[in-house]
Amino acid sequence: VLFCCFLVFLSGVGKTTLIQKASEVLKSSGVPIDGFYTEEVRQGGRRVGFDVVTLSGTRGVLSRIGSEPPPGKRECRVGQYVVDLTSFEQLALPVLRNAGPSGGLGRRVCVIDEIGKMELFSQPFIQAVHQTLSAPGTVVLGTIPVPKGKPLALVEEIRSRKDVQVFSV
């Protein structure tokens, strides 16, 4: 990887807005870019979950408030939110796998917003992040949470990489 930039965030500081704006600027400048961001889903002014949205605009469920996991799936829960791993993986994994360098000499940017508790229930996602971070010619722009409670292994690994610059937002 040429360079990785990860933003450390507190909830509600505008990290997704920042990621979206940076992505738009890069795309309009002709930089090859792919990836995804997570977005709150609200109903009646109340947060009911999160969606994963690819930079091409495809949207799917990441989590919803609920007591039951999707049918036939193990329960992956963060607080009141039940994570829909199948939906998340169907959207996030292809964009990470496509983030490697193109046939040309140019660099590619991969956006990963975010690498947090919900996303880390997915072992294929963890593997795809490792591959993306190791892909030659790929620049990663991502977000990781502020450390609190039990450390998240992948997040701590990213923090300690020499090719990663971490900025607090």
Side-chain angles (χ1 to χ4, degrees), residues 1-10 13 15-39 50-63 74 76 78 83-169:
V1 171
L2 177 67
F3 179 75
C4 298
C5 170
F6 281 88
L7 305 174
V8 178
F9 62 90
L10 293 168
V13 298
K15 67 166 177 65
T16 297
T17 302
L18 180 59
I19 290 284
Q20 289 170 315
K21 295 214 180 293
S23 299
E24 290 167 14
V25 168
L26 290 167
K27 193 180 282 189
S28 68
S29 300
V31 175
I33 185 169
D34 207 350
F36 70 91
Y37 58 90
T38 55
E39 195 167 73
F50 296 90
D51 279 354
V52 58
V53 184
T54 67
L55 294 186
S56 61
T58 308
R59 174 183 291 269
V61 173
L62 172 60
S63 67
R74 71 180 176 103
C76 299
V78 176
V83 179
D84 185 335
L85 280 183
T86 301
S87 173
F88 171 67
E89 290 174 348
Q90 285 174 344
L91 288 171
L93 296 180
V95 296
L96 292 180
R97 291 183 181 131
N98 293 335
S102 59
L105 299 173
R107 305 282 184 219
R108 298 180 69 82
V109 175
C110 180
V111 172
I112 308 174
D113 171 39
E114 65 193 72
I115 299 173
K117 284 183 183 178
M118 290 184 190
E119 296 81 5
L120 293 177
F121 281 115
S122 169
Q123 288 302 313
F125 173 72
I126 293 169
Q127 293 168 354
V129 169
H130 278 122
Q131 290 170 347
T132 302
L133 290 171
S134 301
T138 300
V139 177
V140 177
L141 173 60
T143 61
I144 54 177
V146 169
K148 63 181 179 199
K150 184 180 173 197
L152 303 173
L154 181 58
V155 172
E156 295 311 309
E157 179 186 323
I158 288 167
R159 252 185 239 291
S160 66
R161 288 179 63 117
K162 291 182 178 18
D163 61 349
V164 169
Q165 184 72 45
V166 177
F167 299 95
S168 293
V169 178

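Source: prediction; values computed, not measured. Each residue takes its place number in the sequence, starting with 1.
- Note: M118 CE to S63 OG = 3.5 Å, rounded to the nearest 0.5 Å.
- Remark: R59 engages E39, D51 in a salt bridge (charged side-chain N to carboxylate O under 4.0 Å, His left out) (not counting sequence neighbours).
- Of all non-hydrogen atoms in L141 and A22, the two that sit nearest each other are CD2-CB, 4.0 Å.
- For residues 20-39, the pairs satisfying ring-ring contact (aromatic ring centres under 6.0 Å, His included) are F36-F88, with sequence neighbours left out.
- Shown here are the side chain to side chain donor-acceptor pair (under 3.5 Å) partners of T16, two or more places apart in sequence or in another chain: D113.
- With sequence neighbours excluded, the residues that form a side chain to side chain donor-acceptor pair (under 3.5 Å) with S56 are T54.
- For the pair S87 (side chain) and V61 (backbone), a donor-acceptor distance under 3.5 Å is present.
- Residues forming a side chain to side chain donor-acceptor pair (under 3.5 Å) with E114 (at least two apart in sequence, or on another chain): K15, T38.
- For the side chain to side chain donor-acceptor pair (under 3.5 Å) test, residues two or more places apart in sequence or in another chain that qualify with E157 are H130.
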Practice task
Would you sort out whether L7 and L18 count as a side-chain contact (heavy atoms from CB on, under 4.5 Å), showing the intermediate values?
Solution key: CA-CA 10 Å; L7 305 174; L18 180 59; 3.5 Å; yes
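- Considering every non-hydrogen atom in both T132 and V140, the closest pair reads CG2-CG2, 3.9 Å.
- The CD atom of Q127 sits 9.5 Å away from the CG atom of L93 when rounded to the nearest 0.5 Å.
- Between L120 and L154, the closest side-chain pair of non-hydrogen atoms falls below 4.5 Å.
- Legend: residues meeting ring pair (Phe, Tyr, Trp, His ring centres under 6.0 Å) with F50, ordered by chain and number and at least two apart, are Y81.
- Between T143 and I115 the shortest side-chain heavy-atom distance does not fall below 4.5 Å.
- Scanning for ring pair (Phe, Tyr, Trp, His ring centres under 6.0 Å) contacts around F6 gives an empty result, with sequence neighbours left out.
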Problem - side-chain contact (heavy atoms from CB on, under 4.5 Å) between I112 and F125, worked out - result: CA-CA 11 Å; I112 308 174; F125 173 72; 4.0 Å; yes
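- For residues 138-161, the set of pairs meeting the ring-ring contact (aromatic ring centres under 6.0 Å, His included) definition, not counting sequence neighbours, is empty.
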Review item, side-chain donor-acceptor pairs of residues 25-32, under 3.5 Å, at least two apart:
from, atom 1, to, atom 2, distance (Å)
K27, NZ, L55, O, 3.2
S28, OG, E24, O, 3.1
S28, OG, V25, O, 3.0
S29, OG, V25, O, 2.8

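- Taking all atoms of both residues into account, the shortest heavy-atom contact from I33 to S23 is CD1-CA, 3.8 Å.
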Exercise for the section: Test T86 against D84 for side-chain contact (heavy atoms from CB on, under 4.5 Å), laying out the working first. Expected result: CA-CA 6 Å; T86 301; D84 185 335; 3.8 Å; yes
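- In terms of heavy atoms, G116 sits closest to L152 at C-CD1, 4.3 Å.
- Partners of E156 by salt bridge (charged side-chain N to carboxylate O under 4.0 Å, His left out), not counting sequence neighbours, listed by chain and number: R159.
- C110 and L96 make their closest contact through SG-CD2, 3.5 Å (heavy atoms, listed as atom of the first residue, atom of the second, distance).
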